[in-house]
Amino acid sequence: MPHRILINTSNLNGAIFPTFVPMIDQATIDRIMDAAEISDVVSEFVTLKRRGVNMLGLCPFHNEKTPSFIVSPAKGIFKCFGCGKGGNSVNFIMEHESLSYPEALKWLAKKYHIDVQESEETEAQKQLKDERESMMIASAFAQKYFTRYLWEENEGRTIGLSYIRERELRDNIVKKFELGYCPDGKDTFTQAAQLQGYQMEFLEKTGLTIKRDDWVRDRFAGRVIFPIHNVAGRVIAFGGRTLKKDKNTAKYLNSPESDIYHKSRVLYGIFQAKREITRQDKCYLVEGYTDVIAFHQAGIENVVASSGTALTPDQIRLIKRFSPNITIIYDGDEAGIKASLRGIDLVLEEGMNVKVLLLPQGEDPDSFSRSMSSTQLQEYIEANQTDFIRFKTKLLLENSENDPVSKARLISNIVRSISVVPDAITRSMYIKECSSLMDVGEDILYTEIRKLMQKESDDLRRKEYRDQTARKLAPQPVQEQKVIKNLCEIEEREILRILLKYFHTEVFEEEGETPEETISISVGRFVIEEIENDGLYSDNELINKFVDLFRENLDNPQFKPSQFFINHSDQQLCQLASDLMSEKYVESKRWKKGGAFVESEDEVLDLLVPKIVQEYKLRKVKNMLSDLEKGIQLASDDMEKVLNLQNQYINLKKVEKHLSIQLGNRTITR
């Protein structure tokens, strides 16, 4: 049955659209799932390193300095033990790209060149999509329009393409970065977009069109266009360079901030550079669009730009997802020097290995890269890049070598930078180098760094105290109704884990119709029947749903639990399955005997599974006994009710004793 997406029924231009729109058929979904190998998908966005059978990297969903993000190619899942997110390839794309389930499937289908058969969306249906996706669609249209205009229209070729030819950019590089040209005029682009059905609302929100009451104009009119892509390659914004000599006209103009574009989190060229950054294990950071493009033309592709903004922590973390090594390349003028000094501490604070390269006076990466061959450029960078201590020392001591006060100021400056480095070993190496270069004892440097780190710690504590005090003084919100806690969560999760792993494994036998006949019983049937016979249900509806699906597939030999749940369209089921499959199984002490051979889990299933079920039953009984005790206390004035509850209590105590004996007289605390 095809997967369907629910949309609101709306009246647009007099047309009523149905509540359900058919999306992707199951056969196509299966092909996508088979092709979308989890490590291949995740490595598009995260640098992964092999750790045994799994792969390890920094989580893209929260800020972390120690990797806790695991990818299991064998299980087809990812799991972050820091923020808890997990799932399959589709879940990863949904989370990372903020896409719906069908949209994530189509994203993967495009990656693996799989044709998706679905009903064609009309422009009206596109407008019914969520606002963010509508902005993405408008941006994609704009990029194609600008690119086509550059190559096919007379104005684009004579003005835009002529400028690009003057910059000596090759056609393959121009097409690689999808450069374009916006026609000069009041609102030529806006009219073309509206004729194609794109709403003014989204043209405005993306910044492509500026509208003031009854006045409308194109933001990028008469400019060469540089599309800005996100990590996945989707166009989220634009930069436009004017070709006019008017001093009152800004040379470069960027899209404004929007729901899809936050300039402090974006790096120009990251989509085109990410694979080479990972392969080279190094990233070059430059300042502008043309710097990136010029480096690519020179054969250096692991380069990105901060797009004229001051370097931000989010941009640094984006680079760190692909490599911890960064070389910052700045112009050799005063502004470039100041920018390099501002960025160094931010990079160090994120635990990255940073080097700095200042180009000769009057040069920028664009002009410098065009003045030499690719090999010469690479050799120059390798020969002249330097670590931040040598860079600062050379820079700040140029005119004050014999001034002890200036030297002391420089040492303090370097010590402040070293103090933000999170790794103690890296800090110690920097201290050793600083001591050697500046002829200062390591013990003195360590003392100064401890003072700075203590001050930072004290400041943080004071801030936390102020915040805590403010929260106490703030009006308290009305408390929501308390959520019922599932007291059997541990036992129920263990049962689900066993079912996921051994559902079809046959380890039990029972008599058939004759004494000689035996019937094999699978782990799944044993567990489900034991639970059903005693009428046990979870307080967690998601767990009940899990068990129901197992029950429905008891007689289905083609049922593969791990694959079924990991690829399920219900994201809660998928998340729970990935969590269970990611949990490390700890051998129970009851299987270990001093000096004896320890069996693996699958060798003791005939003993382990019944014990897990019995432990679950015992936990349920103890919870029921606890509830009865409370009930007896509350019903103390109603003797008949008290006697009834006491009778139930006595019977349950017998069950508790029986289960405890079966479990070896182990005591389970409530």
Side-chain angles (χ1 to χ4, degrees), residues 12-13 98 123-124 126-156 158-161 163-164 177-230 234-268 288-290 305-310:
L12 189 63
N13 296 329
S98 300
E123 289 303 318
K126 285 180 181 178
Q127 291 166 9
L128 290 172
K129 286 189 174 184
D130 63 274
E131 185 173 294
R132 190 175 184 277
E133 184 60 20
S134 295
M135 293 172 69
M136 287 284 198
I137 293 170
S139 296
F141 165 78
Q143 178 270 308
K144 289 182 175 63
Y145 177 89
F146 296 145
T147 299
R148 184 196 63 78
Y149 208 93
L150 175 74
W151 292 100
E152 298 180 11
E153 298 293 335
N154 184 57
E155 182 186 349
T158 56
I159 300 176
L161 202 55
Y163 164 77
I164 289 171
F177 286 88
E178 299 179 332
L179 304 189
Y181 179 79
C182 182
D184 202 2
K186 185 169 175 281
D187 59 352
T188 307
F189 162 75
T190 300
Q191 288 187 37
Q194 288 184 302
L195 282 173
Q196 291 296 316
Y198 293 91
Q199 293 183 356
M200 177 61 74
E201 175 190 358
F202 301 115
L203 297 175
E204 274 192 276
K205 286 183 175 178
T206 53
L208 289 161
T209 301
I210 301 173
K211 186 174 185 292
R212 299 286 186 273
D213 297 327
D214 58 348
W215 174 80
V216 174
R217 72 176 178 88
D218 298 335
R219 179 180 295 273
F220 297 109
R223 292 177 181 265
V224 171
I225 302 297
F226 297 83
I228 300 171
H229 302 78
N230 64 11
R234 301 187 80 184
V235 176
I236 55 175
F238 299 90
R241 190 198 191 284
T242 186
L243 303 181
K244 297 176 181 178
K245 305 285 186 185
D246 187 355
K247 292 182 179 180
N248 296 321
T249 302
K251 184 177 179 181
Y252 278 98
L253 190 63
N254 292 325
S255 295
E257 293 263 322
S258 70
D259 289 342
I260 62 172
Y261 175 58
H262 304 279
K263 62 182 179 181
S264 64
R265 303 177 195 169
V266 174
L267 289 163
Y268 181 74
Y289 307 134
T290 55
S306 55
S307 302
T309 64

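Count residues from 1 along the sequence. Being a predicted model, the structure only gives us computed values, none of them experimental.
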List the residues meeting ring pair (Phe, Tyr, Trp, His ring centres under 6.0 Å) with Phe238, not counting sequence neighbours, and say none if there are none. Phe146

Side chain to side chain donor-acceptor pair (under 3.5 Å): which pairs involve residues 210-221, sequence neighbours left out? Thr190-Asp218

Between atom CD of Glu257 and atom NZ of Lys263, what is the distance when rounded to the nearest 0.5 Å? 6.0 Å

If you measure from the Lys or Arg side-chain nitrogens to the Asp or Glu carboxylate oxygens, is any gap between Glu178 and Lys144 under 4.0 Å? no

Sequence-distant partners of Tyr163, side chain to side chain donor-acceptor pair (under 3.5 Å), two or more places apart: Arg167, Arg241

With rounding to the nearest 0.5 angstrom, report the CG to CZ distance, Asn230 to Arg265. 13.0 Å

Taking all non-hydrogen atoms of both residues, which atom of Ala305 and which atom of Gly288 are closest, and how far apart? CB-O, 3.5 Å

Applying side chain to side chain contact (heavy atoms under 4.5 Å, CB included), name anything that partners Thr249, two or more places apart in sequence or on another chain. Arg223, Thr242, Asp246

Could you measure the distance from the OH atom of Tyr252 to the OG1 atom of Thr290? Nearest 0.5 Å is fine. 4.0 Å

Under the side chain to side chain contact (heavy atoms under 4.5 Å, CB included) test, residues paired with Ala237 that sit two or more places apart: Ile228, Ser255, Tyr261

Any chance you could lay out the side-chain contact (heavy atoms from CB on, under 4.5 Å) test for Leu203 and Gln194, step after step, and finish with the verdict? CA-CA 9 Å; Leu203 297 175; Gln194 288 184 302; 4.1 Å; yes

Salt bridge (charged side-chain N to carboxylate O under 4.0 Å, His left out) contacts in which one or both residues fall within residues 179-195, not counting sequence neighbours: Asp184-Lys244

For Thr147, all residues meeting side chain to side chain donor-acceptor pair (under 3.5 Å), sequence neighbours excluded: Gln143

Who are the side chain to side chain donor-acceptor pair (under 3.5 Å) partners of Ser264, not counting sequence neighbours? none

If every non-hydrogen atom of Gly160 is compared with every non-hydrogen atom of Tyr181, which pair is closest and at what distance? CA-CD1, 3.8 Å

Once the angle between the rings of Tyr289 and Phe226 is folded into 0 to 90°, is it parallel (under 30°), tilted (30 to 60°) or perpendicular (over 60°)? parallel

Give the minimum heavy-atom separation between Gly185 and Thr188, together with the two atoms involved. CA-OG1, 4.3 Å

What pairs with Lys205 under side chain to side chain donor-acceptor pair (under 3.5 Å), at least two apart in sequence or on another chain? Glu131, Glu201

If every non-hydrogen atom of Leu161 is compared with every non-hydrogen atom of Leu150, which pair is closest and at what distance? N-CD1, 3.4 Å

Contact summary for Ala192 and Tyr145, nearest pair of heavy atoms: CB-CE1, 3.6 Å

Ala142 and Phe189: which non-hydrogen atoms are nearest, and at how many Å? CB-CZ, 3.7 Å

From OG1 (Thr206) to CG (Asp259), nearest 0.5 Å: 11.0 Å

When rounded to the nearest 0.5 angstrom, what distance separates OG in Ser258 from CE in Met136? 8.5 Å

Residue pair Gln199, Glu204: steps toward the side-chain contact (heavy atoms from CB on, under 4.5 Å) verdict: CA-CA 9 Å; Gln199 293 183 356; Glu204 274 192 276; over 6 Å; no

